[in-house]
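To start, the structure under review is shown below, and the notes come after it.
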Amino acid sequence: RESDFIVQAPLSEGFGKVPIEGFFHGVIPIINNIAMAANMMGKEERGFLFDATDPQNLANTILKLPAKMSQFPVMIAAGRQYAKSHTLEAWAEDYFCTIKTYFDKP
């Protein structure tokens, strides 16, 4: 809760839990642009992407943050909203509805 950002640079990951935890706690993720990362960050609506194969790309991403400070409160709110829709309960409800729809067909 004392951090403003979380930096994560995995070279392989599906749906990352670290960014979701960051959203929940009001921390803005800065993550490698792989797999679901772009979807999770929503075109910089909730966080920032970088290319982990280029160390200078991460440095450039971080150096641009001060110019984007006015966006941070909106990004934090959007991240928290995104996290609410990706809880275990939300996923279970989605699975339940999908299965129910499939098996309730005449």
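No experiment lies behind these values; they were computed from the predicted model shown. Only heavy atoms go into these numbers, but all of them, side chains included; no hydrogens, no water, no symmetry mates.
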I need the full list of side chain to side chain donor-acceptor pair (under 3.5 Å) pairs touching residues 94-103, with sequence neighbours left out, sorted by first then second residue. K100-D104
P10 meets the side-chain contact (heavy atoms from CB on, under 4.5 Å) criterion, sequence neighbours left out, with Q8, E13, N32, I34
Pairs flagged by salt bridge (Lys or Arg N to Asp or Glu O under 4.0 Å) wherever residues 42-62 is involved - sequence neighbours left out: E44-K68
Verify the cluster assignment for V7 and V27: are they in a single hydrophobic cluster under the rule of side-chain heavy atoms below 4.5 Å apart? no
Excluding sequence neighbours, so at least two apart, what forms side-chain contact (heavy atoms from CB on, under 4.5 Å) with I20? F15, F23, M40, Y82, A83, H86
Selection residues 52-73 - residue pairs positive for ring pair (Phe, Tyr, Trp, His ring centres under 6.0 Å), sequence neighbours left out: F5-F72
In the hydrophobic clustering that connects Ile, Leu, Val, Met, Phe, Trp and Tyr at side-chain heavy-atom distances below 4.5 Å, which members other than L11 occupy its cluster, ordered by chain and number? none
Go through the structure and list residues passing side-chain contact (heavy atoms from CB on, under 4.5 Å) with A38, not counting sequence neighbours. N33, L49
Quick note, ring pair (Phe, Tyr, Trp, His ring centres under 6.0 Å) partners involving residues 28-65, not counting sequence neighbours, are none
Heavy-atom check, side chain of I30 versus side chain of L58, under 4.5 Å: yes
Tell me, which pairs form a salt bridge (Lys or Arg N to Asp or Glu O under 4.0 Å) where one or both residues lie in residues 30-41, sequence neighbours left out? none
Do the non-hydrogen side-chain atoms of W91 and T87 ever get within less than 4.5 Å of each other? no
According to the salt bridge (Lys or Arg N to Asp or Glu O under 4.0 Å) rule, which pairs have a member within residues 19-35, sequence neighbours left out? none
For a quick test of reading the model, state the closest non-hydrogen atom pair linking G47 to M41 and the distance between them. CA-SD, 3.4 Å
Side-chain heavy atoms of S85 within contact of Q81, under 4.5 Å: no
Would you please name every residue forming a side-chain hydrogen bond (donor to acceptor under 3.5 Å, both in side chains) with D4, sequence neighbours left out? none
Would a single hydrophobic cluster contain both L88 and M36, if residues Ile, Leu, Val, Met, Phe, Trp and Tyr are joined by side-chain heavy-atom contacts under 4.5 Å? yes
To the nearest 0.5 angstrom, please state how far the CD atom of Q71 sits from the CD1 atom of I76. 11.5 Å
Can you name the closest pair of heavy atoms from A9 and A52 and give their distance? CB-CB, 4.1 Å
